[in-house]
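Only one structure is covered here, and it is reproduced in the block below.
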Amino acid sequence: MDADASVETLSGVGPRVAERLEGLGLRTVRELAEHIPRAYLDWEQVASFGDLSAGEEATVRCTLERIRVRPTRRRNLKIVEGIVVDAAGVRETAIWFNQAYLAKLDAGTELLLHGTRELGGGFRVARTEVRGTGLHTVGLVPEYRASEDVPSYRLRAYVDAALPRVRFFPDPLPARLRQEQRLPLRADALVAAHRPRDRAEAETARRRLAFEELLALQLGFQERRRALEEQSTAPALPDDGELIERYRDALPFTLTEEQESAIAEIRQDLGVPTPMQRLLQGDVGSGKTVVALYALLRAVEAGHQGALMAPTETLAEQHFLTVEGICNELGVRCELLTSSVPAAQRRAVRDRLASGETDLAVGTHALIQEEVEFRSLAVAVVDEQHRFGVEQRRALGRTTPHVLHMTATPIPRTLAQTVFGDLDVTEIARPPAGRKPVITRWVGHERSGEAYTRLRRHLEAGRQAYVVCPLVSESEAIEARAAEQEAERLRAAELRGLRVGVLHGKLKTAERREVMAAFKRRELDVLVATTVIEVGLDVPNATIMIVQEADRFGLAQLHQLRGRVGRGAEQSYCLLVSRPKEELTEDAARRLEALVETSDGFELAEVDLELRGEGQLLGVRQSGLSDLKFARLLRDRKLIVTARTWAERLMDEDPAILGPLALEAQRVEDSRGFA
Ligand code: ADP
Ligand code: MG
């Protein structure tokens with residue numbers, strides 16, 4: 001009985017059904033058996049329509065009186081409307097979207113409806129169970145991710161045909177582990193997940209499956225990491241010397257405790273021939289660059305080279321400006337390498353990197369990875385690693401420099417350990433002291449006039465300001481045009497008489513640099529910009545930012561934008577202008593509220609995770625983890641840590657164990673589209 005046999009080998013599943021199941025990604029008996037319910041409805045625990053207040057979510061058991069498809073003007077929208085009566089005799093209108101097939105149900109059919117009581121009356125149905133169609137009409141009803149072709153109740157029948165086979169599936173978890181963690185057998189867990197007696201049993205079963213999934217993932221990470229450690233060596237650098245001493249002296253401030261402990265960790269990494277694989281997480285402005293430069297200078301000090309890679313040209317240029325200043329002071333030769341550097345000059349830079357004449361290269365990821373041959377690259381810093389594909393990260397990981405990844409979009413540590421399981425994680429959670437958190441206000445559109453009045457007060461006090469244009473998603477060109485128009489409009493209205501510059505992604509590099517430099521030199525009062533200012537621009541004199549139509553932006557993006565102010569000693573402000581609150585979705589309102597409440601990037605990451613669902617996080621999506629079958633990254637945080645510990649233990653103690661689990665790891669990776 002092969003777990004990977006086609007679903008067609010099940011009784012009741014022919015070629016046509018198989019094809020429909022394939023539409024849900026279910027080809028094999030194993031895939032079907034592992035398609036566990038996304039929720040359970042309870043025939044016993046039900047509410048009455050009469051008790052629900054507007055917006056309340058509930059499950060109601062009721063009888064259908066009549067049902068019809070209501071005509072709408074939009075072709076792609078089908079609304080089904082049914083009149084139903086619950087057990088208490090309360091009559092209600094049930095509303096379904098795009099489930100026209102339900103209109104065929106007969107009057108008198110008993111239904112279990114899960115949904116929400118609408119504000120204006122009516123019950124909007126999210127999940128429907130039809131009594132008598134499935135086998136499970138008592139106790140918990142498994143509710144599957146289904147399609148119009150294969151409704152949930154049909155899936156129940158197919159799963160029932162598959163379940164007897166799960167006994168024959170291999171259980172990859174070693175008995176010792178199962179006992180210590182008190183995990184049920186895989187087969188039992190699968191059966192219990194599909195047909196639980198109660199919710200507790202269902203959750204135990206899911207956790208068992210999730211644990212195995214996370215363990216396989218962690219084993220994969222560790223294996224890769226160990227392979228890297230065995231196959232490649234990086235130069236073991238001698239300890240801090242005279243250059244580092246001068247670097248510290250040159251800094252106009254003392255490092256914070258967290259910067260020091262980050263440096264201490266990196267210092268350890270660099271001292272041994274195992275390539276460093278470290279992720280440095282910290283909010284914008286938390287002082288990561290200073291730490292990264294330490295690592296780069298260690299390479300130079302030891303007679304090697306360093307590279308700092310950024311995701312965009314703007315950011316690369318910005319980094320270069322910072323790095324160049326310090327390097328000149330220290331007598332370190334550094335050069336910029338972006339595609340806007342003329343070809344001939346670029347060739348010359350490459351030659352100097354190959355000969356070792358140049359110590360540090362700053363550039364975009366692509367350029368440094370593809371074109372450059374270093375005489376001896378010892379440390380590479382990769383900025384904004386979340387914008388950096390997993391593939392590239394791995395490619396870089398196979399070379400021999402020590403690698404420090406930096407991200408200003410921190411995610412909770414346990415999540416980082418899952419997503420970047422093959423990296424060590426260092427956090428800088430607090431910005432340098434003395435910096436005042438940006439005061440953030442949420443302003444309704446009708447009061448945006450007041451926001452601009454406030455902005456003018458800042459300018460009168462000699463400060464500068466940013467105005468961020470509404471997000472236009474169609475294309476960079478359209479967005480650029482919109483920004484130009486908005487700047488024109490503002491010059492004639494709210495910002496009349498002020499020196500207003502525009503910054504967007506369609507400007508040529510030289511133009512963009514000129515605008516940024518002019519702003520820095522205070523020749524411009526206000527910079528009207530698209531999200532291109534999100535990274536890089538460092539103007540401490542800019543103390544106020546207005547974000548227009550802030551409800552359109554993502555939480556992380558707004559937080560990044562906000563990081564452009566509050567970089568000096570003055571109190572800074574960020575004013576988020578949105579459409580009227582009543583018009584916003586609950587999520588949009590929650591995002592803006594969260595930004596007003598806190599400026600802690602880690603806290604915001606948690607909120608973001610809750611709102612968007614774990615799969616939506618950038619890093620998660622890129623890692624291919626977005627569709628883990630059983631694990632829920634938020635809910636299973638402790639489990640992630642446990643799985644990581646076990647993975648390390650198994651690798652150390654009992655590599656033989658890896659046989660079946662490695663296969664499992666391979667399967668998890670294959671199905672997640674890893675490299
Ligand atoms: P990040 O790279 O995390 O965004 P940076 O390293 O660019 O942060 O630091 C942001 C600003 O704070 C820079 O202007 C930097 O000079 C300054 N800074 C960094 N560390 C400290 C510190 N320990 N004390 C005071 N200012 C600091
Ligand atoms: Mg920085």
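Indexing begins at 1, ligand by ligand and atom by atom, following the structure's order. Hydrogens, waters and symmetry mates play no part in the numbers below; they use all other heavy atoms, side chains included.
- Counting heavy-atom neighbours within 6.0 Å of Glu593 CD, excluding the residue itself, gives a total above 12.
- Side-chain N or O atoms of Thr440 include none that pairs as donor or acceptor with a backbone N or O of Val596 at under 3.5 Å.
- Checked against a 3.5 angstrom limit, the closest N/O atoms of Gly287 and ligand 1 fall inside it.
- Ligand 1 is never approached by Met406 to a heavy-atom distance shorter than 4.0 Å.
- For the ligand labelled ligand 1, residue Thr254 lies inside the 4.0 Å heavy-atom shell.
- Under the 4.0 angstrom criterion for non-hydrogen atoms, Gly282 is not in contact with ligand 1.
- The heavy-atom pair separating Leu561 from Met545 by the smallest distance is O-CE, 3.1 Å.
- For Glu523 and Arg499, the salt-bridge test fails: no basic side-chain N is under 4.0 Å from an acidic carboxylate O.
- Here Leu255 has backbone heavy atoms under 4.0 Å from ligand 1, and that is the only part of it that gets that close.
- Contact analysis puts Asp283 in contact with ligand 1, with a non-hydrogen atom separation below 4.0 angstrom.
- Atoms of ligand 1 lying under 4.0 Å from any heavy atom of Arg567, numbered from 1 in the order shown and given with element: 10 (C).
- Residue contacts with ligand 1 for Pro432 involve side-chain atoms from C-beta outward but no N, CA, C or O (heavy atoms, distance under 4.0 Å).
- Only the side chain of Asp538 comes within 4.0 Å of ligand 1, judged by heavy-atom distances.
- Interface atoms of ligand 1 facing Thr256, defined by a heavy-atom separation under 4.0 Å, are 23 (N).
- For Arg562 (side chain) and Leu595 (main-chain N/O), a donor-acceptor pair under 3.5 Å exists by modelled atom type.
- Salt-bridge formation is not detected for the pair Glu357/Arg333: no Lys NZ or Arg NE/NH1/NH2 atom is positioned less than 4.0 Å from an Asp or Glu carboxylate oxygen.
- Taking OG1 of Thr645 as the reference point, atom CD1 of Ile640 lies at 11.5 Å (rounded to 0.5 Å).
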